[in-house]
Participant: 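I have a structure I would like to understand better, so I am pasting it below and will then ask my questions one at a time.
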Number of protein chains: 2
Amino acid sequence: MDKLIEAIEAKDNPSVVGLDPTEALIPAQVLESLNGQAGEDGDNVAVDRQSIAGEDVSSQASSYPAGQVAAAFYDFNRAVIDAVKDIVPAVKPQIAMYEAYGALGIDAYRLTCEYAHSQGLYVLGDIKRGDIGSTAAAYAKHLTGVGGRNEERNGQPWTEDAITVNPYFGTDGITPFMDAAAGNGKDVFALVRTSNPSSREIQELRLEGGGCLYEHVADLVEDWGRASRGDHGYSRLGAVVGATHPRQGLELRRRMAHTFFLVPGYGVQGGTANDVAGMFDDNRSGAIVNSSRGIIGAWQKSGEYSPDMDAQEAIDLVAKTARAAVIAMRDDLAQALRSR
Amino acid sequence: MDKLIEAIEAKDNPSVVGLDPTEALIPAQVLESLNGQAGEDGDNVAVDRQSIAGEDVSSQASSYPAGQVAAAFYDFNRAVIDAVKDIVPAVKPQIAMYEAYGALGIDAYRLTCEYAHSQGLYVLGDIKRGDIGSTAAAYAKHLTGVGGRNEERNGQPWTEDAITVNPYFGTDGITPFMDAAAGNGKDVFALVRTSNPSSREIQELRLEGGGCLYEHVADLVEDWGRASRGDHGYSRLGAVVGATHPRQGLELRRRMAHTFFLVPGYGVQGGTANDVAGMFDDNRSGAIVNSSRGIIGAWQKSGEYSPDMDAQEAIDLVAKTARAAVIAMRDDLAQALRSR
């Protein structure tokens, strides 16, 4: 985890921007300006663009060919990355948003990771994969690339610095990822306590002998990481702990002394800077806080958007508002950490 | 689940072929014959092909460009599908094996699903995705396609009939998939009791008040499926229950009267026909048993392979041995079910 910790120190900012684009989060002008970028659905052009009122249309049918959306995602992400790269240490692309559009979407994810990497950012691939044996080893190519170490060869499909994984399989589901991470200077984050309300149905089940399931998973994660502790005392295996559980997060911080936290749920999901402050260690390290829609969707709440803008004006607004949002988040977290 | 149940009845065979190719499972001639299919790594051609002794090299570096491997996976899968399509009702491509190779691999997965579908097979995408809200809705496009119902438009990236999902998030992580399934005549299978040894570390944790975690998840799955029961009494939400846990599988069969089982772990992982027999209902329905390497790797154990074969001869051997293996598996299961 040293690379991430040092990147956070260099920017003095423990926050990460989630790159989770949807068609509704991209200004219509930007999507429409890419007409002609289509793949094999090329003849299926925009017909009934949704309003840009901010409604999440991810469960609705797409109006654009997959290749056009994928191209728009990449252009949008580059604009966001350029706008925030001197403020934040890391970005977290959510692969689901890209995978929805098939191979063309996956290519936009790959290009996004590559571009972020080229701009000096730590790239945390939010893939939440989980499987065993040779299947997990195949997913672990997100950390190794298909032809050996990423550094040694061009054209790798995967260049993430870290990925998220699901712990439901136990050790068999973690070891292939940890082996890949250790051999390639990468990191892994295992789900421990997720931010969503119904996570309690499983994660808060009380165990015979005491404690909850998520606490047991926390102990496993701390133990699975033991052999990979770095210069700053944290292992290569981090934990995902939702900002929406401040008390549990504080207790987990004490329980998992060598496990770095990735904290989703700040902002739109309801977590505040004070909620996450307890998830940091005494040196104000030990955690990185994610915001996605609060950053990349800031243009929608700015009151400055107009449908009359051209694509360049709209993307400039995306960049300007994202930059303002990451600065506000950085300062919000700093204030909360100072006043603990 | 009606479509799957009727497909099983039509073939009188409750088994599914896992399409989990690796470079080591493809005859070298087949891989080499596709030189020139490369993507942007095109100059990185084969240098040190692994032996075909059957060793799993999935964690090792690839000798071939991603495009060449992806093309070989698709050719290999088509040969297997053609050889087994009158014997089995379903195939289960494991997306990890394809995703390892990036967008080109994902395209081979898509083409494999499409081809299997075109040959009348039920396609169960083993993707084990798990997330919440708009992210889960994005993954659910595996069931809906990006432009609405798959049937209404060509060029969809995803055409699976069903997918596997991870239950760690609780209801929030299941609802988006169930909504997509219900609206599109598709199915979902949630992990309940996985086949790997260390799954006990989490899944067999004993809960305060009695029972194990996997039994609690089983009850949730039975409940989550309640509103989607079909003509044959089974809901659209199935359960993954490993063949390596015969006693637990028998108990789960009784516990989850309306939940269809996908049973991995038969064959190479150690599960036998007698082990899985208890996971069927009194009508010899209620479960489908998967075999992957035992079918698609049968050519390696046949004693008939020679490095001197040309690519066509090698692929013919793959097809012949896969066909013999699915017939043997069908008859093995039928025997065990008759003698219960």
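Order of the sequence lines sets the chain letters (A, B, ...), proteins ahead of strands, with each chain counted from 1.
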Participant: Counting only non-hydrogen atoms closer than 4.5 Å, does A:Q94 touch chain B with its backbone (N, CA, C, O), its side chain (CB onward), both, or neither?
Facilitator: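 For A:Q94, side-chain heavy atoms alone lie under 4.5 Å from chain B.
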Participant: Has the side chain of A:S198 got a donor or acceptor atom that lies under 3.5 Å from a matching backbone atom of B:D172?
Facilitator: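 Looks like yes, one N/O pair under 3.5 Å.
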Participant: Find the one option among A:G130, A:P176, A:A96 whose heavy-atom pairs under 4.5 Å with chain B are most numerous.
Facilitator: A:A96
Participant: Need one label for B:V217: side chain, backbone, both or neither, based on atoms under 4.5 Å from any heavy atom in chain A.
Facilitator: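 Interface part for B:V217: side chain.
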Participant: State, yes or no, whether a side-chain contact exists between B:R206 and A:L207 at a heavy-atom distance under 4.5 Å.
Facilitator: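 Side-chain contact under 4.5 Å: no.
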Participant: With rounding to the nearest 0.5 angstrom, report the CZ to CD1 distance, B:F169 to A:I202.
Facilitator: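 Taking CZ in B:F169 and CD1 in A:I202, the distance rounds to 10.5 Å.
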Participant: Quick one: are B:E201 and A:T171 in side-chain contact, heavy atoms under 4.5 Å?
Facilitator: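 A side-chain contact under 4.5 Å exists here.
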Participant: Please classify the contact between B:T194 and chain A as side chain, backbone, both or neither, with a heavy-atom cut-off of under 4.5 Å.
Facilitator: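 Just the side chain, heavy atoms under 4.5 Å.
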Participant: Specify which of A:G102, A:A100, A:G170 makes the most heavy-atom pairs with chain B at under 4.5 Å.
Facilitator: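 The answer is A:A100.
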Participant: Between B:V192 and chain A, which part of the residue has a heavy atom less than 4.5 Å away: side chain, backbone, both or neither?
Facilitator: backbone
Participant: Between B:R129 and A:E99, does any side-chain N to carboxylate O distance fall below 4.0 Å?
Facilitator: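 Yes.
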Participant: In terms of heavy-atom proximity below 4.5 Å to chain A, should B:P197 be classed as side chain, backbone, both, or neither?
Facilitator: both
Participant: Has B:E208 got a side-chain atom pairing as donor or acceptor with A:G210's backbone, closer than 3.5 angstrom?
Facilitator: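 No, because the side chain of B:E208 does not come within donor-acceptor range (under 3.5 Å) of the backbone of A:G210.
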Participant: For the atom pair CG (B:N166) and CG (A:D131), what is the distance rounded to the nearest 0.5 Å?
Facilitator: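 B:N166 CG to A:D131 CG: 9.5 Å, rounded to 0.5 Å.
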Participant: Would you compute the distance between atom OG of B:S134 and atom CZ of A:R293 and round it to the nearest 0.5 angstrom?
Facilitator: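 Separation between the atoms: 5.0 Å.
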Participant: Under a 4.5 Å cut-off applied to non-hydrogen side-chain atoms, are A:Y168 and B:P167 in contact?
Facilitator: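 They are in side-chain contact.
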Participant: What pair of heavy atoms forms the shortest contact from B:I132 to A:Q269, and how long is it?
Facilitator: CD1-OE1, 4.4 Å
Participant: Please classify the contact between A:N196 and chain B as side chain, backbone, both or neither, with a heavy-atom cut-off of under 4.5 Å.
Facilitator: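 For A:N196, heavy atoms of backbone and side chain both lie under 4.5 Å from chain B.
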Participant: Taking all heavy atoms of B:I127 and all of A:Y139, pick out the closest pair and write down the distance.
Facilitator: O-OH, 3.5 Å
